[in-house]
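Reviewing the structure listed below.
Numbering of ligands and ligand atoms starts at 1, following listing order.
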Amino acid sequence: MTSEPLEAAIEDAARLVAGASHLVAFVGAGLSAESGVPTFRGPEGLWTKMGEPDMRGYDRFLADPKKWWEERSQRAGDMKEFVDALDEAVPNDGHYALRELEEAGFLKHIITQNIDNLHQVAGSQAITEIHGNRTKLRCIECSRRWDIYHFDIEGSPPSCPDCGGIIKGDTVMFGEPIPHDALEECAAQSQMCDCMLLIGTSAVVYPAASFPEQVKSAGGTLIEVNPNETPLSAHSDVILRGAAGEVLPKVTQQAKGIVQE
Ligand code: NAD
């Protein structure tokens with residue numbers, strides 16, 4: 001796909017959005033960049049500046065879950081900036097545009113790699129969080145989840161009242177398998193999807209990155225919203241080289257206009 005001027009690309013994207021029968025948004029950290037949450041990759045990414053972190057997070061958790069619970073409230077080291085930004089973040093115009101697309105009947109589902117809970121705060125309903133949600137806890141055996149603020153199970157580490165499994169934060173750690181329920185929903189949504197919005201993702205984290213590939217190989221269309229080139233750019237039918245918070249509201253308004261014509 002060769003790039004076209006942004007305004008023309010927005011028109012093309014709006015037409016695809018308005019004509020899709022099962023539109024899915026596949027979202028990455030870039031959507032929340034305008035909410036002040038740093039991305040990992042990309043020119044301003046945390047890892048681009050500081051290098052990649054230790055990828056054995058889940059192994060370390062399994063080796064000593066009690067220690068993880070004890071250290072949970074401490075904020076030290078490289079991740080302090082990230083955790084503080086997440087605490088402060090509120091949805092931006094990109095999140096609200098996705099809610100509007102859903103309310104207007106265009107958007108059927110959001111598959112998000114973000115853990116920041118901002119889709120929910122913005123009011124979106126149909127969401128699968130492939131890498132979990134920082135405001136929840138999860139049993140590693142049966143995947144039952146709890147709201148982190150309404151959790152009164154004792155023990156260190158606490159264990160699941162249903163199955164006895166160890167409970168951890170819902171956010172998927174480095175090296176941790178994606179929870180089955182999330183993975184199955186993502187696969188089902190990708191199978192139904194005939195048009196996928198790829199928003200603010202560098203598309204290098206698997207298995208998440210395989211969903212757009214699946215849509216494309218089944219004959220669906222891909223619309224990329226990202227100020228920078230990614231491995232998915234070459235496979236995208238329309239490329240919107242701009243910030244999600246600026247571009248998505250325009251796509252939404254134009255798609256609504258097409259339906260009213
Ligand atoms: P990534 O950090 O690898 O890549 C971010 C992408 O967003 C880049 O391609 C960058 O060009 C793009 N981008 C930057 N600003 C943008 C903007 N304003 N609008 C649109 N795009 C913009 O992100 P990823 O692909 O989601 O993978 C990183 C993993 O890290 C994810 O799986 C996620 O779990 C986690 N993460 C989550 C958050 C969050 O919850 N907000 C933040 C950072 C990382």
**Message:** Assigning hydrophobic clusters by single linkage (Ile, Leu, Val, Met, Phe, Trp, Tyr; side-chain heavy-atom cutoff under 4.5 Å), is Leu197 placed with Ile110?
**Reply:** yes
**Item:** Ligand-residue contact atoms, ligand 1 with Glu34, heavy atoms, under 4.0 Å
**Value:** 17 (C), 18 (N), 19 (N)
**Request:** Please write down residue, atom name and distance for the protein heavy atom closest to atom 3 (O) of ligand 1.
**Result:** Ser202 OG, 2.6 Å
**Message:** Can you confirm whether the side chains of Glu100 and Gln253 place a donor and an acceptor under 3.5 Å from each other?
**Reply:** yes
**Prompt:** Could Glu103 and Arg99 be called an ion pair, given the rule that one side-chain N must be under 4.0 Å from one carboxylate O?
**Reply:** yes
**Item:** Same apolar cluster (I L V M F W Y, side chains within < 4.5 Å links), Val24/Ile130
**Value:** yes
**Prompt:** Are Arg138 and Asp181 close enough for a salt bridge, meaning some N to O gap below 4.0 Å?
**Reply:** no
**Request:** Using a strict 4.0 Å cut-off to heavy atoms of Gly200, name the atoms of ligand 1 that fall inside it.
**Result:** 5 (C), 6 (C), 7 (O), 20 (C), 21 (N)
**Item:** Proximity winner for atom 17 (C) of ligand 1, if only heavy atoms of Ala208, Ser32, Gly30 are counted
**Value:** Gly30
**atom 33 (C) of ligand 1 - nearest protein heavy atom and its distance** = Gln113 O, 2.9 Å
**Prompt:** Transitively linked via ILVMFWY side-chain contacts under 4.5 Å: Ile111 with Val121?
**Reply:** no
Name every donor-acceptor pair, under 3.5 Å, that has one atom in a side chain of residues 198-209 and the other anywhere in the protein, sequence neighbours excluded.
residue : atom : partner : partner atom : Å
Thr201  : OG1  : Gln113  : NE2          : 2.9
Thr201  : OG1  : Ala203  : N            : 3.1
Tyr206  : OH   : Glu213  : OE2          : 2.5

**Asked** Could you walk me through whether Thr252 and Lys256 pass the side-chain contact (heavy atoms from CB on, under 4.5 Å) check?
**Response** CA-CA 6 Å; Thr252 304; Lys256 287 169 101 172; 4.2 Å; yes
**Asked** What is the closest protein heavy atom to atom 25 (O) of ligand 1, and at what distance does it sit?
**Response** Thr201 OG1, 2.8 Å
**Message:** As a check for students: among Asn114, Asn226, Leu31, Val225, identify the option with a heavy atom nearest to atom 37 (C) of ligand 1.
**Reply:** Asn114
**Prompt:** Tell me, which pairs form a ring-ring contact (aromatic ring centres under 6.0 Å, His included) where one or both residues lie in residues 12-42, sequence neighbours left out?
**Reply:** Phe40-Trp47, Phe40-Phe82
**Contact check: Leu86 vs ligand 1, nitrogen or oxygen atoms, below 3.5 angstrom** = no
**Message:** For residues Val251 and Leu23: do they belong to one hydrophobic cluster (side chain heavy atoms under 4.5 Å, members Ile, Leu, Val, Met, Phe, Trp, Tyr)?
**Reply:** yes
**Prompt:** Going by the order shown, which atoms of ligand 1 are within less than 4.0 Å of some heavy atom of Ala33?
**Reply:** 15 (N)
**Asked** Under 4.0 Å between a Lys/Arg side-chain N and an Asp/Glu carboxylate O for Arg241 and Glu229?
**Response** no
**Complete:** for atom 20 (C) of ligand 1, nearest protein heavy atom and its distance come out as Pro227 CD, 3.5 Å
**Asked** In the protein, which heavy atom is nearest to atom 41 (N) of ligand 1, and how far is it?
**Response** Asp116 OD2, 2.8 Å
**Prompt:** Using a distance-only test with no angle check, is there a side-chain donor-acceptor pair under 3.5 angstrom linking Asp170 and Asn133?
**Reply:** no
**Item:** Within-cut-off N or O pair, Thr230 and ligand 1, under 3.5 Å
**Value:** no
**Message:** Just to confirm my output: which protein heavy-atom neighbour is closest to atom 27 (O) of ligand 1, and how far is it?
**Reply:** Arg41 NH1, 3.5 Å
**Prompt:** In terms of atom number and element, which parts of ligand 1 are under 4.0 angstrom from non-hydrogen atoms of Thr39?
**Reply:** 2 (O), 5 (C)
**Prompt:** Any N or O on Val37 sitting closer than 3.5 Å to an N or O of ligand 1?
**Reply:** no
**Asked** In terms of atom number and element, which parts of ligand 1 are under 4.0 angstrom from non-hydrogen atoms of Pro38?
**Response** 42 (C), 43 (C)
**Prompt:** What atoms of ligand 1 come within less than 4.0 Å of a heavy atom belonging to Asn228?
**Reply:** 10 (C), 11 (O)
**Nearest-neighbour protein heavy atom for atom 32 (O) of ligand 1, which is reported as residue plus atom name and distance** = His131 ND1, 2.6 Å
**Prompt:** Which residue holds the protein heavy atom closest to atom 40 (O) of ligand 1, what is that atom called, and what is the gap in Å?
**Reply:** Ile115 N, 2.8 Å
**Asked** So Asp93 and Lys250, salt bridge (Lys or Arg N to Asp or Glu O under 4.0 Å) or not? Walk me through it.
**Response** CA-CA 10 Å; Asp93 290 346; Lys250 292 182 182 170; over 6 Å; no
**Complete:** Under 4.0 Å from one or more heavy atoms of Ala244, ligand 1 contributes atoms 17 (C), 18 (N), 19 (N), 20 (C)
**Request:** For Gly28, take its heavy atoms, then give the atoms of ligand 1 lying under 4.0 Å from any of them.
**Result:** 26 (O)
**Prompt:** Just checking, is any N or O donor in the side chain of His109 or Thr128 under 3.5 Å from an acceptor N or O on the other one?
**Reply:** yes
**Asked** When you measure from atom 23 (O) of ligand 1 to each heavy atom in Gly36, Gly45, Ala29, which option holds the nearest one?
**Response** Ala29
**Message:** When you compare ligand 1 with Phe40, is there at least one nitrogen or oxygen pair between them that comes in under 3.5 angstrom?
**Reply:** yes
